[in-house]
Amino acid sequence: RSQLLNNVAEQNLLISTAKAANVTDLFEYLVPRDYVSSEAAIRSFNAKLKGAGIRAWGLDGAREYFSDAGGPAALYAGADALIAFNSRAAANERFVGFQTDMEPQDGQGSFPPSFHNGLPDSGLSTTGGGAVYPTQAQDREMLMRDWIKIQSTVSQKLHAAGLRMGSAMPSWTSDYYGEEIKVTYNGTRQGVMKFMMGIIDDYIVMSYNTNPNNAANRVLAQATYADTIPLNSRPRVYGSLETNAGVGSGISYGDTAGKKSKTAVLTDMKTFESILKSHPSFCGLAIHDWDGWLYLPQ
């Protein structure tokens with residue numbers, strides 16, 4: 001982020017490249033201190049984006065922000081810092097919202113294995129001991145409740161300031177080894193995805209797959225459910241594509257033979273969108289991320 005914020009030439013390249021790809025929104029990964037220490041640079045960059053017809057968002061997220069790890073205080077501080085930044089900024093320098101990126105699955109570092117990868121809800125043990133809670137089922141239950149509570153807290157902060165809440169969400173919450181991931185929250189038991197749909201304004205599904213039919217299928221359950229929500233509270237649903245090298249063949253366009261180009265990405269985006277265009281909640285696709293896109297050949 002510091003490289004981009006302090007490099008006018010790269011900013012201009014990003015904006016011209018984004019306009020060529022019809023990008024409408026750009027998500028800036030920032031930590032709380034950045035909103036003060038880099039305030040002038042962020043203001044200038046956001047004004048450039050606004051002038052190019054691109055909306056600016058803040059972004060932060062990490063497995064560490066769950067309560068069984070470091071806790072959500074830093075994430076909340078990021079949302080608060082963005083809100084405070086907007087209060088100081090001119091209209092054309094402000095962010096339109098804040099996006100979280102919190103993935104609960106195990107294997108993201110030295111955090112408690114609270115999710116128990118590879119097991120549907122019905123396969124979780126109800127006896128024995130987990131890393132944090134007494135059983136595997138309770139491990140996941142508490143982790144899912146925490147996820148919803150954190151997202152809800154961020155959403156309330158943003159909505160009170162007239163801003164949108166976005167989130168990058170795993171594609172598998174509606175179908176994890178054949179089952180929906182469920183949780184009991186505020187006395188109601190239902191799918192985690194359904195709870196999140198009532199919290200998040202912009203629901204971005206991490207549908208990473210270089211086969212556009214497969215990728216679109218990973219967004220189908222979310223778009224279908226969102227379509228049933230009344231228009232005045234319906235979230236906008238997006239799919240997404242990965243472009244960074246080193247992620248894996250079949251997952252990223254940066255690794256998949258025959259797909260390592262911007263042209264391939266844009267072509268597959270059209271196919272993806274054609275599959276989901278009948279769903280009124282579906283609003284487009286997100287590209288992850290600038291570094292990956294930059295190094296893809298045309």
For His116, is there any backbone N or O sitting under 3.5 Å from a side-chain donor or acceptor partner on Arg140? yes
Rounded at 0.5 Å granularity, tell me how far CG in Leu30 sits from CG in Leu59. 8.0 Å
Can you list the residues that meet the ring-ring contact (aromatic ring centres under 6.0 Å, His included) rule with Trp57, with sequence neighbours excluded? Phe27
Among Thr184, Asp139, Asp121, Val192, whose side chain to side chain contact (heavy atoms under 4.5 Å, CB included) with Met144 holds? Val192
With side chains defined as the heavy atoms from C-beta onward, is the minimum distance between Arg236 and Asp201 less than 4.5 Å? no
Give a yes or no answer on whether the side chain of Ser274 reaches the backbone of Thr271 with a donor-acceptor pair at less than 3.5 Å. yes
Point-to-point distance, once rounded to the nearest 0.5 Å, from CG of Asp101 to NE2 of His288: 7.0 Å
Please answer whether the main-chain N or O of Ser114 pairs with a side-chain N or O of Asp106 as donor and acceptor at a distance below 3.5 Å. yes
Mind checking whether Val219 and Met197 sit in one hydrophobic cluster, side chains of I, L, V, M, F, W, Y counted as touching below 4.5 Å? yes
Only one of Asn244, Val23, Thr17 clears side chain to side chain contact (heavy atoms under 4.5 Å, CB included) with Trp293; which? Thr17
Would you check if Ile181 and Phe115 make a side-chain contact, meaning some heavy-atom pair closer than 4.5 Å? yes
Under 4.5 Å between any side-chain heavy atoms of Ser281 and Val237, yes or no? yes
Kindly determine whether Leu4 and Gln11 satisfy side chain to side chain contact (heavy atoms under 4.5 Å, CB included), including the steps that lead there. CA-CA 6 Å; Leu4 179 63; Gln11 291 177 18; 4.0 Å; yes
Mind checking side-chain hydrogen bond (donor to acceptor under 3.5 Å, both in side chains) for Lys50 and listing every partner two or more places apart, or none if nothing turns up? none
Can you list every ring pair (Phe, Tyr, Trp, His ring centres under 6.0 Å) pair that touches residues 68-93, not counting sequence neighbours? Phe85-Phe95
Taking salt bridge (charged side-chain N to carboxylate O under 4.0 Å, His left out) as the cut-off, I'd like each qualifying pair that reaches into residues 79-95, sequence neighbours left out, listed once. Glu39-Arg88, Arg43-Glu93, Asp80-Lys157
Decide whether Leu241 and Ile251 are clustered together by the hydrophobic rule: side chain heavy atoms of Ile, Leu, Val, Met, Phe, Trp, Tyr closer than 4.5 Å, transitively. no
Quick one: side-chain hydrogen bond (donor to acceptor under 3.5 Å, both in side chains) pairs with a partner in residues 169-181, sequence neighbours left out? Ser122-Glu179
Under the side chain to side chain contact (heavy atoms under 4.5 Å, CB included) criterion, do Leu26 and Leu14 qualify, and how do the steps go? CA-CA 10 Å; Leu26 190 137; Leu14 184 153; 3.1 Å; yes
Using every non-hydrogen atom in the two residues, find where Gly248 and Thr256 come nearest and quote the distance to one decimal. O-OG1, 4.4 Å
Would you call Met165 and Thr100 a side-chain contact if the rule is heavy atoms closer than 4.5 Å? yes
Report yes or no: does Thr224 contribute a side-chain atom to a donor-acceptor pair with the main-chain N or O of Ala221 at less than 3.5 Å? no
Check: Met169 main-chain N/O paired with Ser167 side-chain donor or acceptor under 3.5 Å: no
To the nearest 0.5 Å, what is the distance between CD1 on Ile150 and OG on Ser155? 13.5 Å
N/O donor-acceptor pair under 3.5 Å between Asp34 side chain and Val31 backbone: yes
Here the pair of heavy atoms bringing Asp268 nearest to Pro212 is O-CB, 3.6 Å
For Ala56 versus Asn46, what's the shortest heavy-atom pair and its separation? CB-OD1, 3.6 Å
About how many Å separate OG of Ser152 and CZ of Arg145, when rounded to the nearest 0.5 Å? 15.0 Å
Keeping Lys259 on the side-chain end and Ala264 on the backbone end, is there a donor-acceptor pair under 3.5 Å? no
Going through the distances and angles, do Phe282 and Phe272 end up as a side chain to side chain contact (heavy atoms under 4.5 Å, CB included)? CA-CA 11 Å; Phe282 178 69; Phe272 194 131; 4.2 Å; yes
Say you draw a straight line from CG of Asp289 to CD of Glu242; how long is it, rounded to the nearest 0.5 Å? 6.5 Å
With a 4.5 Å cut-off on side-chain heavy atoms, are Thr24 and Arg55 touching? yes
Quick one: do Phe195 and Thr188 satisfy side chain to side chain contact (heavy atoms under 4.5 Å, CB included)? Show the steps, please. CA-CA 10 Å; Phe195 278 114; Thr188 299; 4.2 Å; yes
Checking Ser38 side chain against Tyr35 main chain: does a donor-acceptor pair fall under 3.5 Å? no
In this structure, CG of Asn12 is separated from NZ of Lys48 (nearest 0.5 Å) by 4.5 Å
Test side chain to side chain contact (heavy atoms under 4.5 Å, CB included) applied to Ser125 - qualifying residues, sequence neighbours left out: Gln136
Should Leu266 and Leu285 be counted in the same cluster of Ile, Leu, Val, Met, Phe, Trp and Tyr side chains packed under 4.5 Å apart? yes
Heavy-atom closest pair, residues Ile42 and Glu28: CG2-OE1, 4.1 Å
Are Phe98 and Val36 grouped together when hydrophobic residues (ILVMFWY) are joined by side-chain heavy atoms under 4.5 angstrom apart? no
Closer than 3.5 angstrom, by distance alone: can the side chain of Gln108 be matched with the main-chain N or O of Glu103 as a donor-acceptor pair? yes
Hey, is the main chain of Phe66 close enough, under 3.5 Å, to the side chain of Asp146 for a donor-acceptor pair? no
Closest non-hydrogen atoms of Asp68 and Leu143, given as atom of the first, atom of the second and distance, are OD2-CD1, 3.8 Å
Can you hop from Met102 to Ile199 via hydrophobic side chains spaced under 4.5 Å? yes
Nearest atoms (heavy-atom pairs only) where Asp60 meets Ala74: OD2-O, 4.5 Å
